[in-house]
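Since the structure comes first, as structure tokens, the remarks are kept for the end.
Just so it is clear, the values below take in all heavy atoms, side chains as well, and ignore hydrogens, waters and symmetry mates. Numbers for residues simply follow the sequence, beginning at 1.
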Amino acid sequence: MTPLIRPTAALAVCLALALSSLSPTVSAHGSAKPQHGGIVQTASDLTFELVAQGAGVALYVSDHGKPADAAKFSGKLTVLTGSDKADADLKPAGGNKLEAAVKLDKGAKAVATIKLPDGSATTVRFSIK
């Protein structure tokens with residue numbers, strides 16, 4: 001190799017390494033994008049999407065990108081709006097959907113305490129924008 005080729009080869013290797021770091025990453029827990037127009041959070045290897053609907057909310061549960069059976073989950077949703085606090089039970093509503101009769105206002109904070117199928121519990125926090 002001539003001296004001119006060595007820097008060129010080194011540059012090619014550096015460029016290849018830099019470009020490989022730009023490749024898209026794959027999430028082991030499925031898509032973090034909202035599937036129902038809500039707010040998405042991940043906890044305990046599950047994805048939770050909180051969606052305002054009518055006079056209440058829906059919480060969709062996915063396990064590694066696949067809908068989880070909501071009949072195996074239960075919990076409580078607490079919504080904090082300023083100094084006001086509202087609690088509601090999260091109840092299975094078919095498919096991977098849990099529902100609660102509580103209103104979400106802009107600026108509110110919501111905390112879902114979910115009992116998982118294995119008997120353990122997890123907490124998921126949402127900020128409403």
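- In the hydrophobic clustering of this structure, Ile128 does not group with Val51; members are Ile, Leu, Val, Met, Phe, Trp, Tyr whose side-chain heavy atoms approach within less than 4.5 Å, directly or through other members.
- The nearest pair of heavy atoms linking Asp45 to His64 is O-CE1, 4.0 Å.
- In the hydrophobic clustering of this structure, Tyr60 does not group with Leu77; members are Ile, Leu, Val, Met, Phe, Trp, Tyr whose side-chain heavy atoms approach within less than 4.5 Å, directly or through other members.
- In this structure the side chain of Leu50 reaches within 4.5 angstrom of the side chain of Leu104, judged on heavy atoms.
- The shortest side-chain heavy-atom distance between Phe73 and Leu59 does not fall under the 4.5 Å cut-off.
- The backbone N or O of Gly38 lies less than 3.5 Å from a partner atom in the side chain of Glu49, making a donor-acceptor pair.
- Residues Pro92 and Ala70 come closest through the heavy atom pair CG-O, 3.4 Å.
- Atom NZ of Lys109 sits about 11.0 Å away from atom CZ of Arg125, to the nearest 0.5 Å.
- Of the possible donor and acceptor atoms, none in the side chain of Asp63 sits under 3.5 Å from a partner among the backbone N and O of Leu46.
- Smallest separation of non-hydrogen atoms from Gln53 and Glu99: NE2-OE2, 2.8 Å.
- Expressed to the nearest 0.5 Å, how far OG1 of Thr47 lies from CD of Gln35 amounts to 9.5 Å.
- Under a hydrophobic clustering in which Ile, Leu, Val, Met, Phe, Trp and Tyr are joined whenever their side-chain heavy atoms come within less than 4.5 Å, directly or via other members, Val57 and Ile114 fall into the same cluster.
- Side-chain atoms of Asp69 come within 3.5 Å of backbone N or O of Ala71 as a donor-acceptor pair.
- In this structure, the side chain to side chain contact (heavy atoms under 4.5 Å, CB included) partners of Lys76, at least two apart in sequence or on a different chain, are Thr78, Asp87.
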